[in-house]
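In what follows, a structure is listed as structure tokens, so that the remarks can point back to it.
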Amino acid sequence: MSNEITRFPVLELERISKTFVQKPDLIIKIARKTGLGIPEQKVLALDDVSLDVYEGEVLGIVGESGCGKSTLGKIVSGLLSPDKGVIRYRGMGINEANSFVTRIACLGIQMIFQNPYSSLNPRMKIRDIIGEAAIVHGFTDKNKVDDYVDSLMIRCGLAPEYKNYYPHQFSGGQCQRIAIARALAVMPDVLICDEVVSALDVSVQAQILNLLTSLREESRLTSVFISHDLRVVEHMSNRIVTMYMGRIVEIAETGDLLKLPAHPYTCKLFEDAPSLNNRNVEFKSIEREIPSAFNPPSGCHFHLRCPKKMDICTQAVPKMISIEPGHKVRCHLFDLPS
Ligand SMILES: Nc1ncnc2c1ncn2[C@@H]1O[C@H](COP(=O)(O)OP(=O)(O)OP(=O)(O)O)[C@@H](O)[C@H]1O
């Protein structure tokens, strides 16, 4: 049985921006040699991002490396704070100073990462990795934690007799199952999956994706699925968001986006990955390199690489325009006076 998707926004992101200050290695080396100070460079990783995530859906996020996908995931799951903007979880503002709401959201929104080995504490037994947060937050107690951990391990396809082993004694795929069991231990209703199968062998990827799909259906989870792999995003998602240099440039139902992508960047991404039926389809590079994140182009950031560039594209930031029900695009081609 598939999840029922409602139009109730579990997560609402309103005008989120996040800037990082970086000191690139080369500049640090020059500064050391010359004895001069180290100048800082700023990257606008998220630029005025607004987005709703509906209850029961899987929202895929795609875009080239550095476009802000992981930053978005970390901000939603509370691992990073935005510089500007509001995030609401079930209608409650989670970046406002309210510890009760923050605690509810911290448990309700869990994140799983690309590298399962580095996301698990190597000095902790699996029993403690999965059980600790569940005890702290009152989902079980010390007397019942073994049964609690056993049932989560079984749900995630792990044999409970290995619960006293350490992470290094498991394969990458099994560690990802442990990371999923740990996330489920605090009964979340939103799972942020950031490149969760990219580090795994192709044969194991399908098993983890199937596990996530069945857990999502039985636990009525909402998911945000971040991936470079268009095949995986297409397979998993009900809707897809395309990001380019910190901005959302298109959002649509998966079928609509694949059939009729509107933004020239989305068109190029999907054109460059012609056979989504092939395994391991990754983004091929679009002609011309991604512009420097430290000095993004004016107007529409994509104009330097865009085959449909117009004069206005170099001057004005396009607005997000609704072109069909549920299909929005940020491109001047759709914003011309008729
Ligand atoms: N902790 C950080 N400190 C400094 N800069 C950062 C930090 N995290 C991200 N950035 C920068 O912010 C921008 C967006 O990075 P982010 O990791 O969100 O992109 P991404 O789309 O997830 O890329 P990838 O697919 O390669 O993981 C990049 O320019 C990146 O270098």
Side-chain angles (χ1 to χ4, degrees), residues 25 65 69-71 73-74 76-80 106-188 190-216 218-219 221 223-229 231-233 235-236 279-280 282:
D25 292 346
S65 184
K69 304 181 296 295
S70 296
T71 305
K74 285 180 192 158
V76 168
S77 53
L79 297 174
L80 279 176
C106 278
L107 298 176
I109 308 166
Q110 291 291 309
M111 187 159 180
I112 307 167
F113 300 90
Q114 174 173 359
N115 188 335
Y117 287 110
S118 59
S119 70
L120 303 175
N121 185 337
R123 289 187 207 92
M124 280 171 83
K125 290 179 178 170
I126 303 313
R127 173 186 180 277
D128 300 325
I129 288 175
I130 299 174
E132 191 181 54
I135 295 175
V136 170
H137 295 287
F139 292 95
T140 186
D141 59 40
K142 281 185 181 159
N143 301 325
K144 297 186 193 138
V145 68
D146 280 296
D147 288 345
Y148 195 79
V149 169
D150 287 0
S151 73
L152 279 164
M153 288 183 78
I154 292 166
R155 273 178 76 196
C156 293
L158 294 157
E161 53 265 37
Y162 297 117
K163 66 172 174 253
N164 287 320
Y165 283 42
Y166 290 88
H168 72 269
Q169 295 172 288
F170 292 86
S171 69
Q174 286 167 326
C175 281
Q176 202 56 298
R177 288 175 190 271
I178 295 164
I180 295 169
R182 177 184 56 182
L184 295 181
V186 292
M187 296 191 184
V190 180
L191 214 51
I192 314 288
C193 302
D194 188 0
E195 302 281 3
V196 286
V197 293
S198 319
L200 304 177
D201 288 348
V202 171
S203 58
V204 182
Q205 289 186 359
Q207 294 169 17
I208 298 295
L209 294 176
N210 289 341
L211 171 67
L212 285 169
T213 303
S214 59
L215 290 171
R216 200 174 68 75
E218 74 191 42
S219 308
L221 288 166
S223 304
V224 175
F225 204 90
I226 298 167
S227 179
H228 276 91
D229 188 333
R231 176 188 54 93
V232 168
V233 174
H235 175 70
M236 298 295 285
R279 298 189 73 78
N280 266 341
E282 297 236 331

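We count residues from 1, following the sequence as given.
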key: Side chain Ser227, main chain Asp229, donor-acceptor under 3.5 Å   = yes
inquiry  = Applying side chain to side chain donor-acceptor pair (under 3.5 Å) as the test, list every pair that has at least one member in residues 109-121; sequence neighbours left out.
reply    = none
query = Does a side-chain heavy-atom distance below 4.5 Å link Ile126 with Met153?
reply = yes
Counterpart residues, side chain to side chain donor-acceptor pair (under 3.5 Å), relative to Ser198 (two or more places apart) = Glu195
query = Has the side chain of Asp201 got a donor or acceptor atom that lies under 3.5 Å from a matching backbone atom of Ser203?
reply = no
With sequence neighbours excluded, residues passing side chain to side chain contact (heavy atoms under 4.5 Å, CB included) with Thr213 = Glu217, Met236
Set of residues satisfying side chain to side chain contact (heavy atoms under 4.5 Å, CB included) with respect to Ala133, sequence neighbours excluded = His137, Val186
message = Return the SG to CD1 distance between Cys193 and Ile226, rounded to the nearest 0.5 Å.
response = 8.5 Å
key: For Thr71, side chain to side chain contact (heavy atoms under 4.5 Å, CB included) partners two or more places apart   = Lys18, Phe20, Ala45, Leu46, Ile75, Leu80
ask   = Mind checking whether Leu191 and Leu212 have side chains closer than 4.5 Å, heavy atoms only?
value = yes
query = Are side-chain heavy atoms of Val232 and Phe225 found at a separation under 4.5 Å?
reply = yes
task = Kindly write out the residues that satisfy side chain to side chain contact (heavy atoms under 4.5 Å, CB included) with Leu79, not counting sequence neighbours, or none if the list is empty.
result = Lys74, Ser77, Met111, Phe113
Listing, residues 163-170 side-chain donor-acceptor contacts under 3.5 Å, not counting sequence neighbours, or none:
| unit_1 | atom_1 | unit_2 | atom_2 | d |
| --- | --- | --- | --- | --- |
| Lys163 | NZ | Asp150 | OD1 | 2.7 |
| Lys163 | NZ | Asp150 | OD2 | 3.4 |
| Gln169 | OE1 | Tyr166 | N | 2.7 |

ask   = How about Gln176 and Leu211: do any of their side-chain heavy atoms sit closer than 4.5 Å?
value = no
message = Nearest 0.5 Å, please: how far is OG in Ser151 from CD1 in Ile154?
response = 7.0 Å
ask   = Do any pairs count as a salt bridge (charged side-chain N to carboxylate O under 4.0 Å, His left out) and have a residue in residues 118-136, sequence neighbours left out, and if so which ones?
value = Arg127-Asp146
All side chain to side chain donor-acceptor pair (under 3.5 Å) counterparts of Ser171, not counting sequence neighbours = Gln174
ask   = Mind checking whether Asp194 and Ile112 have side chains closer than 4.5 Å, heavy atoms only?
value = no
ask   = So do the side chains of Ile192 and Ile109 get within less than 4.5 Å of each other, counting heavy atoms only?
value = yes
